[in-house]
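Quick note on labels: first sequence line is chain A, next is B, and so on, each numbered from 1. As the structure is a prediction and not an experimental result, all values here were calculated from the model.
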2 protein chains.
Amino acid sequence: MRPDGRSMRESILAAAVQLFAQYGYHAAPLRDIARIAGIQAASIYHHYPNKQALLVEIMETYMLRLNTSLEHILKEYDDPLQRLHEAIANHIRMHTTYKEEFFIIDTEMRALEEEHRPHILSLRDKYEALLQELLRDGMERGIFRQSDVKIASYAMIAMCTEVATWFRPDGRLSVQQVITIYRQFIAEGLLVLMPDVSRMPDESAHLL
Amino acid sequence: MRPDGRSMRESILAAAVQLFAQYGYHAAPLRDIARIAGIQAASIYHHYPNKQALLVEIMETYMLRLNTSLEHILKEYDDPLQRLHEAIANHIRMHTTYKEEFFIIDTEMRALEEEHRPHILSLRDKYEALLQELLRDGMERGIFRQSDVKIASYAMIAMCTEVATWFRPDGRLSVQQVITIYRQFIAEGLLVLMPDVSRMPDESAHLL
DNA sequence: GTCTATACCACGATAGAC
DNA sequence: GTCTATCGTGGTATAGAC
């Protein structure tokens with residue numbers, strides 16, 4: 001254990017997260033990772049077999065964490081709308097809290113050696129399957145509109161993931177405000193067209 | 001000019017697009033780019049000053065093309081809903097047609113040297129500004145619901161861009177079908193909640 | 001405009017002392 | 001568990017002939 005309470009193993013991984021996110025896996029030298037962790041490059045090999053192992057551990061750890069959190073939500077809640085709300089909040093919170101880790105997962109899939117890619121991809125597939133289960137269940141129970149489950153899940157994941165690229169904790173909006181906006185985009189529509197009041201029968205105008 | 005009608009300069013760039021997209025900028029060796037283009041690595045330097053110039057030219061060319069197409073739509077159409085429909089179709093078509101080029105733009109920003117980044121970022125900002133102008137105008141004219149223009153534009157760009165990662169021309173859906181689905185997601189809502197008929201006054205039930 | 005040959009360097013990884 | 005020293009590879013880029 002080191003002065004800051006982290007093991008050297010953890011310090012090395014934290015440094016790798018920082019540099020993989022900043023420069024990309026291939027552009028991040030092991031020597032720089034070692035320098036940030038406070039040791040020599042050669043000493044990394046006492047804790048990890050090679051550079052690739054750092055990437056795999058980052059991806060595996062945080063994909064597992066993401067899946068576990070969504071599984072927990074599905075077990076905890078039954079109402080489709082509440083499940084959706086929790087899933088959106090969870091996705092955005094995870095991706096903004098572990099911004100660098102998920103950025104690496106999203107951009108460095110190519111850097112995975114053939115040997116490790118299937119495992120990480122299966123974790124990503126698992127997450128998509130859980131989300132699609134949520135959506136399908138909500139549609140079958142008549143809570144959500146019938147639509148293409150796969151495409152809806154892709155669109156939802158894409159827009160919620162991207163939040164992490166622009167969100168700033170000290171910015172105009174809090175995470176909770178952003179979550180509220182995205183819940184509305186997803187549940188009620190991003191740009192719901194204003195109903196054309198002039199063409200509406202009088203008796204329904206009060207719905208606006 | 002070469003047998004296939006492309007200049008060597010174009011062949012080199014095409015090879016760079018292929019390998020930058022497949023392996024990433026830093027992991028794509030100039031020797032391999034040269035091999036695919038059918039020359040020796042050293043000969044690339046007759047056409048481009050260095051590797052970075054290949055990346056800059058790819059990014060600049062296709063961001064300009066994207067901006068020009070959206071500017072054309074804004075000039076051609078006035079109706080906010082039609083503008084939105086055309087913008088969505090254009091974004092999805094561009095990103096699926098030039099899948100590799102836009103994938104590079106989206107994932108290799110980090111690989112741009114400091115010197116070139118502001119220029120490329122300004123082109124990306126320009127696109128966002130054009131789209132935000134479209135949305136703001138539609139809200140001001142009462143066609144779209146009032147919502148956060150910036151966030152709406154980010155969400156829209158993110159979900160439409162991501163189509164390129166899973167779309168297959170020989171897949172279950174045609175581009176046109178995908179465009180139709182995304183238009184509905186964006187204009188009418190991704191998961192519009194089924195209105196709860198039981199709690200609605202009788203006289204408005206006919207709206208469903 | 002393309003080639004061969006090569007300079008030069010930074011990288012990941014290893015060996016072996018402490 | 002960390003160090004110093006170093007190996008071997010493969011990268012971008014250049015020199016100069018053709």
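At a non-hydrogen distance threshold of 4.0 Å, B:Asn50, B:Lys51 from residues 50-57 of chain B come into contact with DNA chain D. Interface residues of residues 15-30 of chain B facing DNA chain D, ordered by number: B:Ala28, B:Pro29, B:Leu30; criterion, heavy-atom separation under 4.0 Å. Within residues 33-44 of chain A, the residues having any heavy atom under 4.0 Å from DNA chain D are, by residue number, A:Ile39, A:Gln40, A:Ala42, A:Ser43.
The residues A:Asp106 and A:Arg124 are annotated as not salt-bridged, no charged nitrogen and carboxylate oxygen being separated by less than 4.0 angstrom. Salt-bridge annotation for A:Arg6 and A:Asp4: present, with a side-chain N of the basic residue lying under 4.0 Å from a carboxylate O of the acidic one. The existence of a salt bridge linking A:Glu86 and A:Arg83 is excluded, since no basic side-chain nitrogen approaches an acidic carboxylate oxygen closer than 4.0 Å. A salt bridge links A:Asp78 with A:Arg141; the closest basic N to acidic carboxylate O contact falls under 4.0 Å. Salt bridge A:Glu57/A:Arg9: present, at least one basic N to carboxylate O contact under 4.0 Å.
Of the side-chain N and O atoms in B:Arg31, none sit less than 4.0 angstrom from OP1 or OP2 of D:dG10. Note on A:His46: every side-chain N or O is 4.0 Å or more away from OP1 and OP2 of D:dC3.
Side-chain polar atoms of A:Gln132 and A:Ser153 form a donor-acceptor pair below 3.5 angstrom. Donor-acceptor pairing under 3.5 Å is lacking for the side chains of B:His95 and B:Tyr62.
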Do A:Ile151 and B:Trp166 pass the side chain to side chain contact (heavy atoms under 4.5 Å, CB included) test, and can you show the C-alpha distance, the side-chain angles, and the key distance before you say yes or no? CA-CA 10 Å; A:Ile151 299 190; B:Trp166 54 262; 3.8 Å; yes
Under the side chain to side chain contact (heavy atoms under 4.5 Å, CB included) criterion, do B:His26 and B:Arg110 qualify, and how do the steps go? CA-CA 10 Å; B:His26 291 291; B:Arg110 288 176 296 186; over 6 Å; no
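The residue from A:Ile120, A:Ile105, A:Leu112 that alone fulfils the side chain to side chain contact (heavy atoms under 4.5 Å, CB included) condition with A:Leu55 is A:Leu112.
Annotation: A:Lys150, atom NZ; neighbour count of heavy atoms from other residues, nucleotides and ligands within 6.0 Å does not exceed 12.
Distances from the side chain of B:Met8 to the nucleotides C:dT2, D:dT14, C:dA13 place C:dT2 closest.
The interatomic distance linking B:Tyr45 (OH) with C:dA7 (C1') rounds to 13 Å, in whole Å. In this structure, NE2 of B:His47 is placed 16 Å from P of D:dA13, rounded to the nearest angstrom.
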